[in-house]
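See below for the structure under consideration.
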Amino acid sequence: MDTTTVAVEHTVAHTPEALFALFGAGRGAGWLFGAHCDDVRVGAPVSLRLPLDADGRHEVEVLGRLARVVPGVLLDIEHAQPWRGRLSLRLAPVGTDRTRVRLRADVPTEGLEWLLHRRGIPLPEPPDDGSLRLGVITNASGPGAVYSLSAELMAELAVAEVNADGGIAGRPVRLVAADDGTDARQAATEAVRMARLGCRAVFVNSTSASFEAVRHALAGRDVLVVHSVLNEGGGASPTAVRFGERPRAQLEALVGPTMATTGARHWFLVGEDYVWSHGVHAAARRVIDRAGGAVVGESLTPLGTSDFTAVLERIGTSGADLVLSSLIGADEVAFERQSADAGLRDAVRTVSLVLEESTLAHIGPLAGQGLRTALAYFENGPIAGNDALLQRYRAAYGTWAPAVTALSETVYESIHRYARVRHRDPGGSAADHGRALMRRRAGAVDVVGARDLVTPTLYVAEAVSGQLRVVGEAR
């Protein structure tokens with residue numbers, strides 16, 4: 001992969017040891033582009049905010065992991081969002097109390113294209129090489145970036161495996177990927193571009209708002225739209241397929257058992273003011289009522305909220321002893337960290353519907369301890385064939401590639417399933433392919449590549465020491 005190296009150097013009035021100690025946490029933690037890291041060790045998640053212009057008015061969050069750490073000397077960060085790259089920090093003493101800071105960024109071609117596209121410059125069009133094109137839309141930036149870390153990689157892996165098996169009907173497959181910035185309008189724009197480039201299927205690994213925008217933008221174009229992450233349902237048709245977990249099934253796996261084990265029954269619902277949370281909370285009221293509980297409050301904040309002080313105050317005065325979170329990505333990270341800091345975790349048990357490995361990593365082991373969720377896939381879960389999948393993924397993308405999660409594994413299986421459908425019916429319409437994808441197969445088993453993606457088996461997991469541990473299968 002071609003890369004461009006950008007290097008800067010600066011001298012500051014601290015010793016290397018003192019400056020290193022400030023990285024990521026405590027007073028002065030944000031000295032390196034607002035870096036946040038709870039535990040400066042190899043493998044720890046880290047986030048930074050890089051300026052996109054000279055005056056710093058526009059920033060982008062970079063999410064990655066520490067790949068190399070030498071205290072007082074160096075840090076290497078391998079990141080996956082919004083593009084794959086590497087940041088290298090070097091510290092060298094200057095005299096007795098100053099430090100020369102050298103920062104180098106290795107930016108691949110895809111990163112330069114992302115930066116130019118963010119500035120309004122069109123992405124280069126792939127050459128007409130006779131390949132069959134598939135589109136995938138992810139949240140490489142914006143609030144959803146946290147949960148979307150491995151989505152594009154899993155889509156790439158699926159396409160690579162399809163091509164290794166001979167492609168589709170003898171034609172190689174080419175992936176056309178785009179970042180919607182967790183913005184529905186951008187998702188629609190990217191989807192129209194993909195259709196113009198000849199994509200007959202677009203996989204939306206993004207929010208429900210983005211799925212709806214893409215579905216409407218591509219109506220009548222004979223392009224299949226596949227929503228490949230958990231969603232609230234609705235909006236499906238022969239040309240718009242929705243895979244993944246549904247909130248009612250998640251809630252039934254979580255609400256009653258949580259009330260039974262805690263003895264608590266008063267719920268506060270926390271979400272965002274868009275279609276996903278509206279659907280979740282409507283289902284939650286019904287499930288909670290049937291379980292003998294009561295909803296005592298609700299908060300719906302704008303997508304991208306980072307300060308939940310007012311929400312936590314409302315929870316504290318509501319009489320709630322249980323919280324249901326439908327927040328996603330960076331919003332969920334901020335809410336759970338602030339909940340722990342405010343002491344809410346000591347008095348209120350929280351369940352979260354969009355809590356997977358990447359989100360938990362950024363919440364942190366202390367703030368996330370005890371959180372519960374119910375999803376169809378966990379990286380350390382019991383699904384047959386998962387170990388082999390993870391081996392292939394790590395072999396392709398390295399040790400520090402982001403976790404495979406329920407919000408990325410389904411796009412992998414969706415692409416494989418679509419490839420099989422289109423291989424059997426290469427001349428079929430988008431509606432034909434959609435109906436074939438949704439057709440239920442008798443005797444479906446919970447094996448990677450053969451799972452029921454329409455009504456998948458759910459597993460309940462609890463956050464323990466920074467890991468999601470499966471504690472049972474939903475019945």
Side-chain angles (χ1 to χ4, degrees), residues 136 147-148 150-151 154-155 157-158 203-208 211 224-236 240-257 276 279-280 283-284 287 326 328 351-359 372-390 393 403-421 434-462 468-475:
V136 63
Y147 74 67
S148 193
S150 58
M154 290 298 286
L157 181 62
F203 296 82
V204 183
N205 208 90
S206 184
T207 65
S208 294
F211 165 76
L224 179 65
V225 179
V226 181
H227 199 193
S228 53
V229 294
L230 79 171
N231 60 81
E232 72 289 347
V241 171
R242 305 194 85 170
F243 287 147
E245 301 88 341
R246 295 292 190 272
R248 179 176 174 180
Q250 292 178 281
L251 292 162
E252 288 175 344
L254 291 166
V255 168
W276 158 252
V280 170
V287 173
S326 63
I328 67 167
V351 298
S352 170
L353 297 198
V354 195
L355 179 71
E356 34 62 59
E357 290 85 349
S358 291
T359 298
R372 279 203 163 199
T373 191
L375 294 166
Y377 175 90
F378 293 98
E379 195 170 50
N380 62 354
I383 298 175
N386 187 48
D387 288 345
L389 171 63
L390 294 177
Y393 175 74
V404 178
T405 75
L407 279 72
S408 63
E409 197 277 343
T410 303
V411 74
Y412 167 86
E413 292 206 47
S414 298
I415 289 174
H416 268 293
R417 194 158 303 181
Y418 173 77
R420 292 195 293 270
V421 165
R435 281 188 285 265
L437 278 180
M438 292 294 290
R439 194 170 296 133
R440 306 293 294 278
R441 293 182 296 171
V445 291
D446 221 22
V447 176
V448 169
R451 295 191 302 135
D452 182 349
L453 300 182
V454 180
T455 54
T457 300
L458 298 187
Y459 300 91
V460 177
E462 183 169 334
L468 283 170
R469 296 184 181 176
V470 174
V471 296
E473 180 179 327
R475 300 293 182 182

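For the single chain, residues carry numbers from 1 onward in sequence order.
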Among residues at least two apart in sequence or on other chains, which ones pass side-chain hydrogen bond (donor to acceptor under 3.5 Å, both in side chains) with [X]?
X	answer
Ser352	Glu332
Arg435	Asp432
Glu356	Thr359
Glu409	Arg451

Under the side-chain contact (heavy atoms from CB on, under 4.5 Å) rule, collect the residues that match up with [X], sequence neighbours excluded.
X	value
Val229	Asn205, His227, Leu407
Ala284	Leu251, Leu269, Ile288, Leu324
Ala403	Glu357, Ser358, Glu379, Thr405

Hey, does [Y] have a side-chain heavy atom less than 4.5 Å from the side chain of [X]?
X	Y	result
Leu437	Leu224	yes
Leu230	Gln250	yes
Val241	Tyr418	no
Leu254	Val287	no
Thr410	Tyr377	no
Ile328	Trp276	yes
Val421	Arg439	no

Hey, could you give me the [atom1]/[atom2] distance between [X] and [Y], rounded to the nearest 0.5 Å?
X	Y	atom1	atom2	answer
Thr457	Leu375	OG1	CG	13.0 Å
Leu353	Arg246	CG	CZ	13.5 Å
Glu245	Thr455	CD	OG1	11.0 Å
Ser228	Met154	OG	CE	11.0 Å

Between [X] and [Y], what is the shortest heavy-atom contact and its length?
X	Y	value
Arg242	Gly233	NH1-O, 2.8 Å
Ala155	Val411	N-CG1, 4.2 Å
Pro382	Tyr459	CG-CE2, 3.5 Å
Ala376	Pro456	CB-CB, 3.6 Å
Ser206	Tyr147	C-OH, 3.7 Å
Ala253	Val460	O-CG2, 3.9 Å

Phe243 backbone acceptor or donor facing Asn231 side chain under 3.5 Å: yes
Side-chain donor/acceptor of Glu413 to backbone N/O of Gly449, under 3.5 Å: yes
Any residue meeting salt bridge (charged side-chain N to carboxylate O under 4.0 Å, His left out) with Arg248, in chain and number order, not counting sequence neighbours: Glu252
Contacts of type salt bridge (charged side-chain N to carboxylate O under 4.0 Å, His left out), residue Glu462, not counting sequence neighbours: Arg349, Arg372
Tyr412: partners by ring pair (Phe, Tyr, Trp, His ring centres under 6.0 Å), with sequence neighbours left out: His416
Qualifying residues under ring pair (Phe, Tyr, Trp, His ring centres under 6.0 Å), relative to Phe378, sequence neighbours excluded: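 For Phe378, no residue satisfies ring pair (Phe, Tyr, Trp, His ring centres under 6.0 Å) once neighbours in sequence are set aside.
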